[in-house]
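This report concerns only the one structure given below.
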Amino acid sequence: MILNHVLLKLKDRSLEHIEQVQTVLLGLRGEIQVLLDVQAEVNVRPGPSAYDLILITKFASLEDMDEYLIHPAHQEVAKWMGTVLETQASVCCAI
């Protein structure tokens, strides 16, 4: 099992915008067969150096994750995220 964790810091850090991004990310649920689970959680302890959201995605294998990354639904969300994202960091692990 593969878990990918992506920390997201947004250009607009207002709660309304953060919740909009959360809704867009959760919209991937059910759209991509290899995506076993998706969570998008809002940071409850914001601050200047904190990230705004964590995106956690789950896959059966790295090959499934690769398939997810090129899927048109993911590509559309990734393109939009590029317009609202200040920075990101990720950790991918096998469990």
K9 with D52: basic N within carboxylate O range, under 4.0 Å: no

Sequence neighbours excluded - side-chain hydrogen bond (donor to acceptor under 3.5 Å, both in side chains) pairs with any residue from residues 70-95: none

Note, Q22 side chain near I18 side chain (heavy atom, < 4.5 Å): no

Pairing residues for S14 by the side-chain contact (heavy atoms from CB on, under 4.5 Å) criterion, not counting sequence neighbours: D12, E16, H17

L25 side chain near M81 side chain, heavy-atom distance below 4.5 Å: yes

Validation row: T57, L35 side chains within 4.5 angstrom (heavy atoms): yes

Over all atoms of both residues, closest heavy-atom pair of L28 and A73: CD2-O, 3.8 Å

Distance, nearest 0.5 Å, that separates CG of L55 from NE2 of H5: 9.5 Å

CD1-CG distance between I32 and D64, expressed to the nearest 0.5 angstrom: 11.5 Å

Flag, side chain of R29 to backbone of D37, donor-acceptor distance under 3.5 Å: no

Inter-residue atom distance L53.CG - R13.CZ, 0.5 Å rounding: 10.0 Å

Side chain to side chain, L26 and V24, heavy atoms closer than 4.5 Å: no

Other cluster members, L7 - Ile/Leu/Val/Met/Phe/Trp/Tyr, side-chain contacts below 4.5 Å: M1, L3, L36, Y51, I54, I56, I95

Nearest heavy-atom neighbours spanning C92 and M65: SG-SD, 3.7 Å

